[in-house]
There are 4 protein chains.
Amino acid sequence: MPSTKNSDTVDNRRREKYLAIVEAALEAFAEHGYHDCQVSRIARRAGVADGTIYLYFANKEALLVSVFREKLGLVTVAARALVDSRETAWEALEALVRYHLDYLERHPVLANFFQIQTRQVSAGIRQEIAQPLKEYYRLIESLVDRGKGEGSVAVDLDTRAAREMIFGTLDEAVSCWVLSPRVYCLTDRAPLLWRLLSRALAPRVQGA
Amino acid sequence: MPSTKNSDTVDNRRREKYLAIVEAALEAFAEHGYHDCQVSRIARRAGVADGTIYLYFANKEALLVSVFREKLGLVTVAARALVDSRETAWEALEALVRYHLDYLERHPVLANFFQIQTRQVSAGIRQEIAQPLKEYYRLIESLVDRGKGEGSVAVDLDTRAAREMIFGTLDEAVSCWVLSPRVYCLTDRAPLLWRLLSRALAPRVQGA
Amino acid sequence: MPSTKNSDTVDNRRREKYLAIVEAALEAFAEHGYHDCQVSRIARRAGVADGTIYLYFANKEALLVSVFREKLGLVTVAARALVDSRETAWEALEALVRYHLDYLERHPVLANFFQIQTRQVSAGIRQEIAQPLKEYYRLIESLVDRGKGEGSVAVDLDTRAAREMIFGTLDEAVSCWVLSPRVYCLTDRAPLLWRLLSRALAPRVQGA
Amino acid sequence: MPSTKNSDTVDNRRREKYLAIVEAALEAFAEHGYHDCQVSRIARRAGVADGTIYLYFANKEALLVSVFREKLGLVTVAARALVDSRETAWEALEALVRYHLDYLERHPVLANFFQIQTRQVSAGIRQEIAQPLKEYYRLIESLVDRGKGEGSVAVDLDTRAAREMIFGTLDEAVSCWVLSPRVYCLTDRAPLLWRLLSRALAPRVQGA
DNA sequence: CATGAATGAGACTTCATTCAT
DNA sequence: AATGAATGAAGTCTCATTCAT
């Protein structure tokens, strides 16, 4: 199948360049901020011409959305793998909380991108960005539901509210860290936060 | 002291125009988005000339910050009054959660401004915006601490983590509502969310 | 009436700057060609900032249309005055033919603009440009009709066809001159062309 | 002579592709306008790669010139054949006028191309386009001269002026038709126009 | 010969900000 | 103090053209 191989090669090359641009954009956005980062800067960093960007993305906003989707996609996949590696939903939830904080602390560029740059776009694009986020939302909600089934989460809690609490708490913790001088360790906060979240979720003991 | 009276009049007039601009900016930002809202549009809506804006604000970003400070200031003051009207920190916390959601649902323009427009500025300005927010943070943290003293909040919880959870949860709930088609009632979610938050904060019964 | 005078002054100033831009655009278009003439070049020539152009014209094409309308407007007005100064339609027609060629020879920049630049725009704009041209068309047709009434133009000729002949002949003559090295005198051609046109229009003598 | 045959085949193939591109360009130019028609669109319509265009034409403008030359060449050849099929120059002229209008009405794409697109290029290219047009000019002028010899055209008329009148009139008539909503029939105008042109050209009867 | 992905110069236009009135 | 006409820097995106395959 030479033609197939050929086509694969082309596709691979295309994918490679696509990813190079995504990577360059992520770094450039995080470094200068979405609005203060010219497309030509991204192009230079990616080692391509300005016009090449537009062979892969409709416009600058679409590029931002792609970066978001690609990067959050990786996080979601990793999170799912992590979740699958745990016996119980409860353990998985705890692991997820730690992973969320740990991952973003280890990838400060990504943390900056998620917490700051991503919110700089027009309302219309915000909607589009919300789409891939829903995957992550679903993952959390499925864990909450599984926890209910396994008896580790109180059944009379609203699943969506629980997700809003879990994600909102993590997001706020990361945002504060990103906007702070970042002198403290974000991962260290995982137990403190999990302490609160677990208490909120766990069923009250016996006659309580 | 005619001069003083005169000066007061001047100050009042100045304050009035200042507030007119702030109000116009809030509405214009919410309507078009920060970046798609020209200064001249704000000026027209406020009934002043473009240049007049710059007699009251250093630049467009400073105007945004002022809107944020003014509006959040009102919320904080109201929240503080609300808090003072309750006997216990616990009741105050519950009231605050309800108030936060209720207020923003009743002021959708403000909700949009807080959740969307406010995040569209460069990282540097985000820092400045964080400043008035700290007042609100402190209010929450003081309630948590008071709750600990009153025995309604578990003493072994990290106060800052608790604040991150409370504020993060509310913020996420409002954000989801703002970005959604807003077909559901935000205030209705208050009991569901308070249920979770209260469980997280309350001390475990007896030997738990 | 100080306010009126004031307002007049403002309007006059505006009109002056408007005309300065129109003049600069005419020359710049003629010199470099519509597509090879940057807006900034026009601005510099008019002694204003780039952005100022856009306070007076919606965009570059609208500017071209305005130049066309202004300049053709002058020609039409002058032509009308010329026509009114003649006793008969026949004399007026002859004068018009001479004036058309003479005027454009004396204003080569305008000739270039009319014959070359004006046709470089998109079809949509071509339609808009055709509008002011219709005034000139009407002037010619009214003369033909008057000539019929006065007995100097054969009544059985189609007025519109006559106009197409008269204008088409002049336009072609000017176009050839503009595109040529312009070594010959355009005005000299007036009698030769009028000879033909007049024969076409005049009623056949007696029993012919 | 296999090599010759081979070479012919190659030449034929080359000519075929050349013509395919010319045809595609004509249609694409007429459909979108010269400036709004990308080379890649022509390539796609011709079924070749973008780069292939440049194996046949130096650049986009050269392609336009080629389309003009090819298409006008056909018209000129047909016009010449038409002329040769008539007994007298007078009949030939009348036939030419009718043919000019009739042909362009039957080929609206070509009419649009000749009257609109062709004029959208820079002055330099306009000169080049004028070249093949001269063939057509010469044809008209030769007919006028022949008419003089045959006694059907007044000998004291300027031949070039006569050509400017004939071509200018036809060109204007076609231009008006192309720019109009084209609700009327162009061929119908032939007799009206010929009526005028013939009167201009014919010698005055007897003692007139 | 043919391809088409990549190039990169360059143009229009916007809009926050200024300053003469 | 207020005005608003003018400024001009700067950025996204297009598209004719090239050249490695």
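A note on names: the letters A, B, ... follow the listed sequences, proteins ahead of strands, and every chain is numbered from 1.
Using a 4.5 Å heavy-atom threshold, the side chains of Arg119(D) and Gln117(C) count as separate. Between Glu23(A) and Glu27(A) the shortest side-chain heavy-atom distance falls below 4.5 Å.
The interatomic distance linking Glu16(D) (CD) with dA2(E) (P) rounds to 12 Å, in whole Å.
The stretch residues 22-30 of chain D does not touch DNA chain E, since none of its heavy atoms comes less than 4.0 Å from the strand. For DNA chain E, the neighbouring residues in residues 39-67 of chain B, judged by any heavy atom under 4.0 Å, are Val39(B), Gly51(B), Tyr54(B), Asn59(B), Lys60(B).
Place Arg14(B) and Gln38(A) on DNA chain F by their nearest nucleotides, and Arg14(B) ends up nearer the 5' end. Between Tyr34(A) and Cys37(D), the residue anchored nearer the 5' end of DNA chain F, judged by the nucleotide with its closest heavy atom, is Tyr34(A).
One finds the OG1 atom of Thr52(D) at 11.5 Å from the CZ atom of Phe57(D) (value rounded to the nearest 0.5 Å). Here Lys71(A) contributes atom NZ and Ser66(A) contributes atom OG; the two are 12.5 Å apart, rounded to the nearest 0.5 Å.
In this pair, Phe29(C) and Phe113(C) present their aromatic rings parallel. The plane angle is below 30°, not in the 30 to 60° band.
When all heavy atoms of Gln127(A) and Leu179(B) are compared, the pair lying nearest together is OE1-O, 3.0 Å. Minimum heavy-atom separation, Val67(C) to Ala25(C): CG2-CB, 3.8 Å.
Protein chain A contacts DNA chain F from dG11(F) to dT14(F), reading 5' to 3' and using non-hydrogen atoms of the protein with a distance under 4.0 Å.
When base pairs are accepted only as Watson-Crick or G-U wobble with both N-N or N-O distances under 3.5 Å, DNA chain E takes part in stems of 3 or more pairs at E:2-21 with F:2-21.
Under the 6.0 Å distance and 45° angle rule, Arg13(B) does not count as a cation-pi partner of Tyr18(B). Annotation: cation-pi pair Arg14(A)/Tyr56(A) present, NZ/CZ under 6.0 Å from the ring centroid and within 45° of its normal. Both the sub-6.0 Å distance and the 45° axial angle are satisfied by Lys60(D) relative to the ring of Tyr34(D).
The pair Glu31(C)-Arg45(C) counts as a salt bridge, with a side-chain nitrogen and a carboxylate oxygen less than 4.0 angstrom apart.
Legend: residues meeting ring-ring contact (aromatic ring centres under 6.0 Å, His included) with His35(D), ordered by chain and number and at least two apart, are His35(C). With sequence neighbours excluded, the residues forming a side chain to side chain donor-acceptor pair (under 3.5 Å) with Arg15(C) are Glu70(C), listed by chain and number.
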